[in-house]
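These notes concern the structure reproduced below.
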Amino acid sequence: MKIAFVGKGGSGKTTLSSLFIRHLAASGSPVVAVDADINQHLGAALGLDEAVAAGLPAMGPRLKLIKDYLRGSNPRITSAETMIKTTPPGEGSRLLRVRENNPVYDACARPVELDGGAVRLMVTGPFSEADLGVACYHSKTGAVELCLNHLVDGQSEYVVVDMTAGSDSFASGMFTRFDITFLVAEPTRKGVSVYRQYKEYARDFGVILKVVGNKVQGQDDIDFLRAEVGDDLLVTVGHSDWVRAMEKGRPPRFELLEDTNRRSLRTLQTAADATYDLRDWERYTRQMVHFHLKNAGSWGNERTGADLAAQVDPGFVLGEGLVATA
């Protein structure tokens with residue numbers, strides 16, 4: 001299942017996504033965790049030393065390797081230079097699987113040992129001083145979008161993406177790449193403002209959106225969130241001594257997380273698992289093509305000097321039944 005955590009800066013989305021990743025790992029599930037936020041805090045939230053987290057291999061500088069691998073022998077994609085972040089797979093493209101080993105994981109993913117198991121962690125890389133004036137941070141997340149376009153994940157397999165803060169994923173089609181999106185919101189007007197933006201954009205694309213109320217202190221906070229987001233409010237999370245210890249760099253064993261918060265994490269997993277039977281790979285592929293053609297027309301064709309609409313394979317539908325190309 002492909003799962004996104006979104007929310008405004010400071011909402012606690014990285015903390016909650018890291019707790020959910022720990023929960024999945026403790027259950028023995030295979031997990032690929034992706035830090036798509038240019039602020040790059042997920043590694044530290046998973047317990048890595050700051051220096052180790054900062055030294056993780058970023059996906060952005062390895063974009064050509066990613067493109068060369070994914071395009072495989074697809075005759076519609078003539079070079080890595082003509083492959084943009086929205087390029088969809090077609091006949092001959094290489095696909096990514098959660099459980100496999102491949103050159104993309106070898107170059108960009110590192111195992112993170114947790115007390116309940118291990119996960120693969122991938123990071124976009126921070127927005128650096130060298131990027132100023134010559135790039136925007138969307139170029140950093142392009143590698144993530146490209147990988148999601150070529151990802152085939154199955155039941156009880158999880159890809160958890162900590163997205164960039166705010167509603168910036170709407171600058172591309174990446175917000176449609178997930179089975180479910182968890183929007184982390186504090187019980188304040190600012191806290192639910194991102195929800196309103198997401199709800200408006202997501203409505204036309206069948207995006208499943210659920211709100212996780214964070215930093216909730218009592219029934220009044222719950223009532224506020226319920227009034228603002230209605231039935232989209234899935235669960236709420238309050239104060240956690242375990243999280244406070246983690247933020248101080250001294251996390252207890254994960255099994256000692258408070259029972260109420262463990263139940264909340266189980267609720268998130270149940271909601272994610274329930275979307276499996278709702279999957280529509282034809283719609284997923286159609287949306288992928290829609291955003292690719294939109295990006296090709298607005299900037300891609302001019303930037304690459306190629307007709308990127310020709311990259312679309314009209315007979316191709318991404319799905320679990322496809323056999324990976326060697």
Is any side-chain heavy atom of [X] less than 4.5 Å from a side-chain heavy atom of [Y]?
X	Y	answer
D35	T124	no
V123	L121	yes
Q217	H239	no
V192	T188	no
V312	L293	yes
I66	C147	yes
M163	F182	no
M59	T141	no

Under 6.0 Å between ring centres: does that hold for F20 and F5?
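Close enough - the centres of the two rings lie under 6.0 Å apart.
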side-chain contact (heavy atoms from CB on, under 4.5 Å) evaluation trace for D273 with Q155
CA-CA 8 Å; D273 289 345; Q155 192 169 23; over 6 Å; no
Sub-3.5 Å donor-acceptor pair from the side chain of [X] to the main-chain atoms of [Y], do we have one?
X	Y	result
D153	M1	yes
N301	L308	yes
N214	L16	no
W242	R253	yes
T275	L278	no
R177	L148	no
T285	W281	yes
E157	G154	yes

Can you sort out the partners of [X] under salt bridge (Lys or Arg N to Asp or Glu O under 4.0 Å), two or more places apart, ordered by chain and number?
X	value
D162	K13
K215	E186
R263	none
D179	R279

What is the minimum heavy-atom distance between N74 and G90, and which atoms define it?
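Minimum heavy-atom separation between N74 and G90: ND2-N, 3.4 Å.
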Shortest non-hydrogen contact from F175 to A202?
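Where F175 meets A202 most closely, the heavy atoms are CE1-CA, 4.2 Å.
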Under the side-chain contact (heavy atoms from CB on, under 4.5 Å) test, residues paired with N261 that sit two or more places apart:
V237, S240, L257, E258
Contacts of T181 meeting side-chain contact (heavy atoms from CB on, under 4.5 Å) (sequence neighbours excluded), chain-then-number -> A4, V6, F178, Y198, V207, L209
Are there more than 12 heavy atoms of other residues, nucleotides or ligands under 6.0 Å from atom CD of E255?
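Atom CD in E255 is packed in, count exceeds 12.
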Might you confirm whether atom CG of D280 has over 12 heavy atoms from other residues, nucleotides or ligands at distances under 6.0 Å?
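Correct, the count exceeds 12.
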Quick check for you: to the nearest 0.5 Å, what is the distance between D221 atom CG and T236 atom OG1?
9.0 Å
Nearest 0.5 angstrom please: L96 CG to L151 CG, how far?
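Going from CG on L96 over to CG on L151, the span is 6.0 Å.
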Apply side-chain contact (heavy atoms from CB on, under 4.5 Å) to residues T87 and L146 and explain how you reach the verdict.
CA-CA 7 Å; T87 296; L146 202 55; 4.3 Å; yes
Sidechain N-carboxylate O distance under 4.0 Å for E91, R76:
no
Might you work through the side-chain contact (heavy atoms from CB on, under 4.5 Å) test for H41 and S18, ending with a clear yes or no?
CA-CA 10 Å; H41 295 312; S18 71; over 6 Å; no
With sequence neighbours left out, which residue pairs that include part of residues 102-114 fulfil the side-chain hydrogen bond (donor to acceptor under 3.5 Å, both in side chains) condition?
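Of all non-adjacent pairs touching residues 102-114, those that pass side-chain hydrogen bond (donor to acceptor under 3.5 Å, both in side chains) are E100-N102.
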Just grab all the side-chain hydrogen bond (donor to acceptor under 3.5 Å, both in side chains) pairs involving residues 50-66, residues at least two apart or on different chains.
K64-D68
Who are the side-chain hydrogen bond (donor to acceptor under 3.5 Å, both in side chains) partners of [X], not counting sequence neighbours?
X	result
H290	none
Q287	none
Y195	D232

Where do L183 and V194 land on the side-chain contact (heavy atoms from CB on, under 4.5 Å) test, with the steps shown first?
CA-CA 8 Å; L183 190 145; V194 175; 4.0 Å; yes
Can you confirm whether the side chains of N149 and E145 place a donor and an acceptor under 3.5 Å from each other?
no
Between side-chain atoms of residues 243-252 and protein atoms elsewhere (two or more places apart, or another chain), which donor-acceptor pairs fall under 3.5 Å?
none

Only one of M288, Q311, R94 passes side-chain contact (heavy atoms from CB on, under 4.5 Å) with P89; say which it is.
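Going through the options one by one, the only one that passes is M288.
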